[in-house]
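Please read through the structure below; I'll follow up with questions.
Just so it is clear, the model here is predicted, and its values are computed rather than measured. Counting from 1, the numbers follow the sequence of the chain as shown.
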Amino acid sequence: MTREMTLAIDCGGGGIKGSVVDERGTMMAPPRRVPTPYPLPPELLVDTVVGLARELPAATRVTMGMPGMIRHGVVIATPHYITRDGPRSRVVPELVERWERFDMGRGIEQALGLPTKVLNDAEVAGAGAITGRGLEMIITLGTGLGNAVFDGGQLAPHVEVSQGPVRWGLTYDDYIGEHERLRLGDVHWSRRVRRVVDGLRPMYMWDRLYLGGGNSKRITASNLRLMGDDVIVVPNDAGIIGGVRAWEL
């Protein structure tokens, strides 16, 4: 039998990283990372992934997580990538048109010649964190907010919580994204994260909530304790490790 090797690509607002992972979730090489290039038409993202793949061991399939609403590998909306200079910069109408309904799964599959699964990035990270028991939710904290829900280990239909309104006309992306963390500092920002968790809890009634993404480790210990025992911080490499388990969802 051929050993399954998964090229796992984690696309964020600030960086794109990847590694190759074996069937047990062991990385075959240290993750390689490049800054997310802007402006970013979909073809440039495909080329960026191909460039990362050239620097990594050979793979037999690809899992790619990217921000936004992704259905069956097709981009419905990706708010970061339609901007001129990245998150919070000017939206470029031409990019909106080029990204709309772009079949990223097919684009990567054709470019690399490998079976490909493209999901929302939080869905891939969640696949690397869940136990498969009960209702489990993940919130990823980075450039903005990502989310995914799993019921008994099965991926639920995606709801793009990041674009929901919170207060003062801000979305969740605006309210607890990296820009606000830098402006407020970790202590005040951590209180905002706790408010978001408290607000989402009665809506989802999860059995377990995971906090992932690069900024999850910046939540202060006191605020994390106040969130409750059902809230767990997971390592940021879940977005890579989840590349293997995503094929079982």
Which pairs, with at least one residue in residues 231-249 and sequence neighbours excluded, count as a side chain to side chain donor-acceptor pair (under 3.5 Å)? Thr63-Trp247
Salt bridge (Lys or Arg N to Asp or Glu O under 4.0 Å) with Arg181: which residues, sequence neighbours excluded? Glu178, Asp186
Can you give me every donor-acceptor pair (side chain of residues 49-59, partner residue at least two apart or in another chain, under 3.5 Å) with its distance?
from  : atom 1 : to    : atom 2 : distance (Å)
Glu55 : OE1    : Arg32 : NH1    : 3.3
Glu55 : OE1    : Arg32 : NH2    : 2.9

Review item, side-chain donor-acceptor pairs of residues 142-154, under 3.5 Å, at least two apart:
from   : atom 1 : to     : atom 2 : distance (Å)
Asn147 : OD1    : Val161 : N      : 3.2
Asn147 : ND2    : Val159 : O      : 2.7

Polar contact flag, side-chain donor to acceptor under 3.5 angstrom, Gln163-Thr171: no
Starting from the C-alpha separation in whole Å, work towards a yes-or-no answer on salt bridge (Lys or Arg N to Asp or Glu O under 4.0 Å) for Arg133 and Asp207. CA-CA 9 Å; Arg133 297 187 296 274; Asp207 293 306; over 6 Å; no
What I'd like to find out is whether the side chain of Val197 reaches to under 4.5 Å of the side chain of Leu209, using heavy atoms alone. yes
Please check this pair: side chain of Ser19 against backbone of Ala29, looking for a donor-acceptor N/O pair closer than 3.5 Å. yes
Can you establish whether the number of heavy atoms outside Arg24 located under 6.0 Å from its atom CZ is more than 12? no
Do Ile232 and Met227 land in one hydrophobic cluster if side-chain heavy atoms of ILVMFWY residues count as linked below 4.5 Å? no
For Thr140 and Gly213, indicate whether the former's side chain and the latter's backbone hold a donor-acceptor pair under 3.5 Å. no
Specify whether Phe102 and Trp99 have parallel, tilted or perpendicular ring planes, treating 30° as the upper limit for parallel and 60° as the lower limit for perpendicular. perpendicular
How would you list, by chain and number, every residue that makes a side-chain hydrogen bond (donor to acceptor under 3.5 Å, both in side chains) with Thr131, sequence neighbours excluded? Glu136
Using modelled atom types only, decide if a donor and an acceptor are shared between the side chain of Asn120 and the backbone of Gly68 within a distance under 3.5 Å. yes
If the test is side chain to side chain contact (heavy atoms under 4.5 Å, CB included), which one of Thr78, Val74, Thr116, Val46 qualifies with Met104? Val46
For Val244, the other hydrophobic cluster members (4.5 Å side-chain criterion, sorted by chain and number) are Val21, Met27, Ile240, Ile241
Could you verify whether a donor N or O on one side chain and an acceptor N or O on the other, from Arg84 and Ser89, lie under 3.5 Å apart? no
